[in-house]
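These notes are about the structure you will find just below.
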There are 2 protein chains.
Amino acid sequence: MQYSIGVEYGLHCLVYLIDIPPDATIGIKELSAFQGVSETYLSKIFSKLTKAGIVVSVPGVKGGYRLSKSPDDISFWDVVEAVEGATPIFQCKKIKDNSYLCQDEEYAACSKASPCVINMTMLEAEESMRNVLRNKTLSWLNEELDRVLTPQSRKDTRQFFANSTNV
Amino acid sequence: MQYSIGVEYGLHCLVYLIDIPPDATIGIKELSAFQGVSETYLSKIFSKLTKAGIVVSVPGVKGGYRLSKSPDDISFWDVVEAVEGATPIFQCKKIKDNSYLCQDEEYAACSKASPCVINMTMLEAEESMRNVLRNKTLSWLNEELDRVLTPQSRKDTRQFFANSTNV
DNA sequence: TAATCGCCGATTAATGTTGTCGTCGATAAG
DNA sequence: CTTATCGACGACAACATTAATCGGCGATTA
């Protein structure tokens, strides 16, 4: 069980969109070329990011993507939710409502009225994970990368996209 | 993306193993009949729980399963890990180590030596979820069910398994 | 008006999920 | 001592999902 690789693709790409000049865009072609990932698949990920209001797409020649809001207002969870949806990780098929005892109609009604403790616990655990992701923004990630990577490599990266940026 | 339904099956079944007399067991047949789930599939889940040391299997006629240790020492996470494995939910295909800049050998070596901030963040978030699950034990679940369910339904459930319990 | 971009739906190969089936060895009962 | 019943295990199958590819669409720019 794993989230799709699209989450990783998306987050890595969004980093490059943070520092570009206002009104500039970066195309799928450049993003996929830089990272060495599938162009068509990446474009699907960006369709989802667009629908979620994380990026804005500019169609036509010299088109591409840019962030739709401040990187301060985009959290890791926003990206995960955009790509993977908000479906809970833990399934609840309500098996407690299909137990042997539920052959009794009255008991079944009573069971369906009360929550499933196991599922509640799972949702609580998931929520804890989401809260960590909600507290990490793209701005934070950008600063963290400044701290971890060499200034030269960050500069080279920006240069790569600056050369092909569509202004 | 979801954890398999086996987690839910397993946790619900383990509840019934808590309150049985010492040295008694409950068979797959009774568990699957009570919950209305597939017998063969459930037996696979219990194979995993056995390998993980959560339950003990008794082979032969009148065989079945019982908890291998105190329900105080079995957490939700133990069960999830037994059924699903400990593989992280978030994939990291190390795409940072395959970027355009990594065509430079020296840069590639440097990149591989430094951690991926995005993946670190994901693992931190997952760990937060696991910690919630680690703090919930089968004993806690049992008490919670006592609180939420009617005494009658709990009694009926125990009765169901007592009738077929193998002592 | 032609080339280039993102958008979108259909398709596909590989993989994972949710089972089933048949065989095995262990065990209790007749 | 045989037989029926249990769990263990591997093979298999149906179905869904994942990670892509492909082709046609409309928008844009040169």
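The chains referred to below are lettered A, B, ... by the order of the sequence lines, with proteins before strands, and numbering in each begins at 1.
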I need the full list of salt bridge (charged side-chain N to carboxylate O under 4.0 Å, His left out) pairs touching residues 86-106 of chain B, with sequence neighbours left out, sorted by first then second residue.
none
Non-neighbouring partners of A/Asn135 that pass side-chain hydrogen bond (donor to acceptor under 3.5 Å, both in side chains), sequence neighbours left out:
none
Check each residue of residues 5-19 of chain A for a non-hydrogen atom within less than 4.0 Å of any atom in DNA chain D, then write out the ones that pass by number, or none.
A/Ile5, A/Tyr9
From NZ of B/Lys48 over to P of D/dC9, roughly how many Å is that when rounded to an integer?
13 Å
What salt bridge (charged side-chain N to carboxylate O under 4.0 Å, His left out) pairs are there with at least one residue in residues 3-19 of chain B, not counting sequence neighbours?
B/Asp19-B/Arg158
Partners passing side-chain hydrogen bond (donor to acceptor under 3.5 Å, both in side chains) against B/Thr157 (at least two apart in sequence or in another chain):
none
Would you say A/Ser57 places a side-chain N or O within less than 4.0 Å of OP1 or OP2 belonging to C/dC7?
yes
Looking only at heavy atoms, which two atoms of B/Leu101 and A/Ser153 are closest? And how far apart?
CD1-O, 3.6 Å
By a strict heavy-atom criterion of less than 4.0 Å, which residues belonging to residues 40-47 of chain B are in contact with DNA chain C?
B/Thr40, B/Tyr41, B/Lys44
Whole angstroms only, please: what is the NZ-P distance between A/Lys93 and D/dA16?
12 Å
Taken to the nearest whole Å, NZ/B/Lys29 to P/D/dT5 is 7 Å
Give the rounded distance in Å between these two atoms: CD of B/Glu39 and P of D/dG7.
8 Å
B/Ser99 meets the side-chain hydrogen bond (donor to acceptor under 3.5 Å, both in side chains) criterion, sequence neighbours left out, with none
Rounded distance in Å - OH (A/Tyr3) to C1' (C/dT15):
20 Å
Treating primed atoms plus P, OP1 and OP2 as sugar-phosphate and everything else as base, which nucleotides of nucleotides 23-30 of chain C get B, S or - for protein heavy atoms under 4.0 Å?
---BBS--
Residue pairs passing the ring pair (Phe, Tyr, Trp, His ring centres under 6.0 Å) test with at least one member in residues 95-133 of chain A, sequence neighbours excluded, are A/Tyr100-B/Phe160
Phosphate OP1/OP2 of C/dT18 contacted by A/Gln91 side-chain N/O (<4.0 Å)
yes
Please round to the nearest 0.5 Å and tell me the distance separating atom CG of B/Leu49 and atom OH of B/Tyr65.
8.5 Å
Among residues two or more places apart or on two chains, list those pairs meeting salt bridge (charged side-chain N to carboxylate O under 4.0 Å, His left out) that have a residue in residues 121-141 of chain B.
A/Glu124-B/Lys136, A/Lys136-B/Glu124, B/Glu126-B/Arg130, B/Glu127-B/Arg130, B/Glu127-B/Arg134
Among all residues two or more places apart in sequence or in another chain, which pass the side-chain hydrogen bond (donor to acceptor under 3.5 Å, both in side chains) test with A/Gln35?
none
Round to the nearest Å and state the distance from B/Leu49 atom CG to D/dC9 atom P.
13 Å
Both B/Gln2 and A/Ser38 contact DNA chain D. Taking the nearest nucleotide for each, which residue is further toward the 5' end?
B/Gln2
What's the OH-P distance between A/Tyr65 and D/dA27, to the nearest Å?
16 Å
Which pairs with one or both residues in residues 69-88 of chain A pass salt bridge (charged side-chain N to carboxylate O under 4.0 Å, His left out), sequence neighbours excluded?
none
